[in-house]
Amino acid sequence: MLELRLVQGSLLKKVLEAIKDLVNDANFDCSATGFSLQAMDSSHVALVALLLRSEGFEHYRCDRNLSMGMNLGNMAKMLKCAGNDDIITLKADDGSDTVTFMFESPTQDKISDFEMKLMDIDSEHLGIPEAEYHAIVRMPSSEFGRICKDLSSIGDTVVISVTKEGVKFSTRGDIGTANIVCRQNNTVDKPEEATIIEMTEPVSLTFALRYMNSFTKATPLSSIVTLSLSSDLPVVVEYKIAEMGYIRFYLAPKIEE
Amino acid sequence: PPKQGTLNKFFAGN
């Protein structure tokens, strides 16, 4: 028996909007730790890792570890039917091939339930090794989203270079080139507007903008994004989900042949 | 142009 009650149901709506275009089908894993997902896109270039900790739910009952295969497009369709202020409860019985989403309006005057078919998904669970990153950039998520969108109108790839001076996002395309430098500024009034760079050595990596733009669909989940970069390692683009956990995107770099 | 790598060589399956 599984029963997860999330008072801030909009979080789950936002999570699905953030990942449904990257991954078609995925297993949601439910354990005492929380509700999690790890899935790669079909070309094995990007991976999304989601964790919503059990403590973040108002009610969290998961009698035994359960893996539920869901089509994320269909799940997003169902969650779109929940109001932004609704409380969302996920329910599944042991051995059932369906999951039920229950939506309650804040005033309890409208209660809906949507039952979705589960699917069997063969997915490989990857071990993500702990890594020491050469550079960690923390910046406003809206700024990062704007940069990725702007650069993708010029080129297909972005070179992210971190030095003591700041973080540089560069692209080139048929019409020309673009460079955007964000300097460290931790003296702003609001912490969510700061750009903070921790660097042990300079790093420069090239990534496909198509994926970066897809990751920025998680912007509504957090005002801050963290980019963790090391030479020859996938970048980690992390959006923390307040009080609950995180959504992390891993993207393999482009490599000179 | 640089070639797109995949994640398989970074993350071990288990």
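Below, chain A is the first sequence line, B the second, and so on; all start at residue 1.
- Counting heavy atoms from C-beta on, the side chains of B/Pro2 and A/Phe207 never come closer than 4.5 Å.
- In this structure, CG on A/Leu126 lies 12.5 Å from CZ on B/Phe10, to the nearest 0.5 angstrom.
- Within a 6.0 Å radius of CG in A/Asp63, more than 12 heavy atoms belonging to other residues, nucleotides or ligands are found.
- Taking each heavy atom of A/Val45 and B/Leu7 in turn, the nearest pair found is O-CG, 3.3 Å.
- More than 12 heavy atoms of other shown residues, nucleotides or ligands fall within 6.0 angstrom of atom CG in A/Asp94.
- Residue A/Ser43 touches chain B through its backbone alone, counting heavy-atom pairs closer than 4.5 Å.
- Separating the NE2 atom in A/His44 from the CG atom in B/Asn8 is a distance of 5.5 Å, to the nearest 0.5 Å.
- Shown here for B/Gly5 and A/Ala252, the closest heavy-atom pair between the two residues is O-CB, 3.4 Å.
- For the pair A/Pro234/B/Phe11, a side-chain contact is recorded, criterion being any heavy-atom separation below 4.5 Å from C-beta on.
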Between B/Lys3 and A/Ile255, is a side chain to side chain contact (heavy atoms under 4.5 Å, CB included) present by the stated rule, with each step listed?
-> CA-CA 5 Å; B/Lys3 194 181 164 210; A/Ile255 304 155; 5.6 Å; no

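- Shown here is A/Asn179, whose CG atom has more than 12 heavy atoms of other residues, nucleotides or ligands within 6.0 Å.
- For A/Ala46, the part lying near chain B is the backbone, with the side chain staying farther off; criterion is any non-hydrogen pair under 4.5 Å.
- Within 6.0 Å of CD in A/Glu201 there are more than 12 heavy atoms belonging to other residues, nucleotides or ligands.
- Taking all atoms of both residues into account, the shortest heavy-atom contact from A/Ala208 to B/Gln4 is CB-OE1, 3.8 Å.
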